[in-house]
K.L.:
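I'd like to ask some things about the structure below.
The figures here come from the full heavy-atom set of this structure, side chains too, leaving out hydrogens, waters and symmetry mates.
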Amino acid sequence: MTGNIFFAAAAFTLAVVIWLMLPRIASRRDLTKMTPAEHGWYAKRVFPLMLLFAAFATAGSLAGQWGWP
């Protein structure tokens with residue numbers, strides 16, 4: 001049960017990441033011409049969310065081994 005909750009949290013976090021990235025990527029023709037400010041925007045918002053996604057997914061997959069119900 002706990003593993004399923006962690007997997008749901010991971011899926012929700014991934015949906016937020018895609019929701020943040022998709023409008024910016026879809027509005028650009030050439031992603032290599034992004035400004036440093038745009039790269040900073042991604043670094044400040046997307047990378048911590050992806051780390052949180054990885055933490056939730058890891059906790060969800062190891063919940064059974066850790067003895068969580």
K.L.:
Please round to the nearest 0.5 Å and tell me the distance separating atom OG1 of T2 and atom CG of L62.
P.N.:
13.0 Å
K.L.:
With sequence neighbours left out, what residues match A10 under side-chain contact (heavy atoms from CB on, under 4.5 Å)?
P.N.:
F53, F56, A57
K.L.:
Using the rule that two of Ile, Leu, Val, Met, Phe, Trp, Tyr join whenever any of their side-chain heavy atoms come within less than 4.5 Å, decide whether F12 and F7 are in one cluster.
P.N.:
no
K.L.:
Partners of W66 by ring pair (Phe, Tyr, Trp, His ring centres under 6.0 Å), sequence neighbours excluded?
P.N.:
W68
K.L.:
Do L51 and V17 sit in the same hydrophobic cluster, where Ile, Leu, Val, Met, Phe, Trp and Tyr count as joined when their side-chain heavy atoms come under 4.5 Å apart?
P.N.:
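No: no chain of side-chain contacts under 4.5 Å links L51 to V17.
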K.L.:
Mind checking what makes side-chain contact (heavy atoms from CB on, under 4.5 Å) contact with Y42, not counting sequence neighbours?
P.N.:
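Scan of Y42 (side-chain contact (heavy atoms from CB on, under 4.5 Å), adjacent residues dropped) gives M21, R24, I25, M34, V46.
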K.L.:
Going through the checks in order, is the side-chain contact (heavy atoms from CB on, under 4.5 Å) test met by L49 and L14?
P.N.:
CA-CA 8 Å; L49 286 173; L14 185 63; over 6 Å; no
K.L.:
Check whether any side-chain heavy atom of W41 sits under 4.5 Å from a side-chain heavy atom of L20, and report yes or no.
P.N.:
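Side chain of W41 against side chain of L20, heavy atoms only: contact under 4.5 Å found.
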K.L.:
Between P48 and A43, what is the shortest heavy-atom contact and its length?
P.N.:
CD-O, 3.5 Å
K.L.:
So how far is it from F6 CZ to S61 OG, rounded to the nearest 0.5 Å?
P.N.:
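Reported to 0.5 Å precision, the distance equals 10.5 Å.
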